[in-house]
Amino acid sequence: MHHSTPSPVLLVIAHGSRDPRHAATVHALVREARAQRPGVRVETAFLDFNVPSVSGVLESLAAEGVRDVVALPLLLTRAFHAKADIPAVLREAPRGLRIRQADVLGPSPLLVSALERRLYEAGLSPADKPTTGVVLASAGSSDPEAIAVIAEIAREWRHTGWCAVRPAFASASLPRTEDAVRELRALGCERVAVAPYVLAPGRLPDRIAAGAADADVLGGVLGAAPEVARVLLRRYDDAAATVRELLAVGA
């Protein structure tokens, strides 16, 4: 008799924020992921500011007898939290849980589709592309790898037909959103759009919005876009597959 092992629980780990819109957006994204994949149990935890905490959720899962967990960092780049904070929290997990850390969400063509969705919702149309310059506005990072990835996404996105695409950062690195807006005007793009490459509202996204004051169009945060949920489930599947391979090897 072959017993299929239950799918690992997907634990989405968000940063957390004092801004109540942050947790609300994270929960909306998790609802979208659950709707796309009803067969998987999805739990949410926060590193900071919000409850439940990661350790709290892991403890209750262990107490329930759950064995396998895929921990997914709700982050767009492999910066500090993915490399240091989250692994440290996961190492403290109760014995008896097998935890795999999934990759961060970005980069992915699906996220670029979500960025475009948000710009079209904000009033642009595909026909505007050749005459529109876009600021790819990220929260920023002191991690050079994360910065390089944002610059690469901007380069690749530009090839899909925009007048120009420029990266900008709300913290830790330059240029700022307003500088990139000015630069695109100077290049002669007819209109300038700001596309926030951020998952949820908060202090840094507010800074991006303030820097977009002179732009023609400001896209919404990525939030619960269906494409974001699809990337999230894809990262889960990749990590869950490694669990199954390990189980097969150990069988």
Please check if the side chain of [X] supplies one atom and the backbone of [Y] the other of a donor-acceptor pair under 3.5 Å.
X	Y	result
S113	P109	yes
Q36	P226	yes
Y236	P8	yes

Q: Sort and list the pairs that fulfil ring pair (Phe, Tyr, Trp, His ring centres under 6.0 Å) and have at least one residue in residues 42-73, not counting sequence neighbours.
A: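 Qualifying pairs: H27-F46.
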Q) Can you list every pair that meets salt bridge (Lys or Arg N to Asp or Glu O under 4.0 Å) and has a residue in residues 215-227, with sequence neighbours left out? A)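 Applying salt bridge (Lys or Arg N to Asp or Glu O under 4.0 Å) to every pair that reaches into residues 215-227, excluding sequence neighbours, yields R117-E227, R185-D216.
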Q. Pairs in or reaching into residues 196-208: which pass salt bridge (Lys or Arg N to Asp or Glu O under 4.0 Å), with residues at least two apart or in two chains?
A.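 Counting only pairs at least two positions apart or across chains, the salt bridge (Lys or Arg N to Asp or Glu O under 4.0 Å) contacts touching residues 196-208 are R21-D206.
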Nearest heavy-atom neighbours spanning [X] and [Y]:
X	Y	value
S142	A172	N-CB, 3.9 Å
D128	G123	OD2-O, 4.4 Å
H22	G16	NE2-N, 3.0 Å
G223	L29	O-CD1, 3.7 Å
V57	T44	CG2-O, 3.8 Å
P196	G220	CD-O, 4.0 Å

**Q.** CZ (R230) with more than 12 external heavy atoms under 6.0 Å
**A.** no
Q. Between L76 and I150, is a side chain to side chain contact (heavy atoms under 4.5 Å, CB included) present by the stated rule, with each step listed?
A. CA-CA 10 Å; L76 294 171; I150 300 292; over 6 Å; no
**Q.** Qualifying side-chain hydrogen bond (donor to acceptor under 3.5 Å, both in side chains) pairs with a residue from residues 167-181, counting only residues at least two apart or across chains
**A.** D179-R182
Q: Could I get the full list of salt bridge (charged side-chain N to carboxylate O under 4.0 Å, His left out) partners for E183, not counting sequence neighbours?
A: R166
**Q.** Option passing side chain to side chain contact (heavy atoms under 4.5 Å, CB included) with R34 (candidates L233, V42, V40)
**A.**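 The side chain to side chain contact (heavy atoms under 4.5 Å, CB included) with R34 is passed solely by V42 among L233, V42, V40.
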Q: Show your working on salt bridge (Lys or Arg N to Asp or Glu O under 4.0 Å) between E116 and R118 and close with a plain yes or no.
A: CA-CA 5 Å; E116 294 209 348; R118 293 300 187 230; over 6 Å; no
Q) Can you list every pair that meets disulfide (SG to SG under 2.5 Å) and has a residue in residues 123-233, with sequence neighbours left out? A) C163-C189
Q: Apply the test salt bridge (Lys or Arg N to Asp or Glu O under 4.0 Å) to residues D103 and R235: give CA-CA distance (whole Å), side-chain angles for both, the deciding distance (0.1 Å), then the verdict.
A: CA-CA 6 Å; D103 282 338; R235 300 291 179 253; 5.4 Å; no
Q | R158 and E156 ion-paired at < 4.0 Å | A |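 No salt bridge links R158 with E156.
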Q) Between R191 and T131, is a side-chain hydrogen bond (donor to acceptor under 3.5 Å, both in side chains) present by the stated rule, with each step listed? A) CA-CA 7 Å; R191 71 186 71 67; T131 51; 2.8 Å; yes
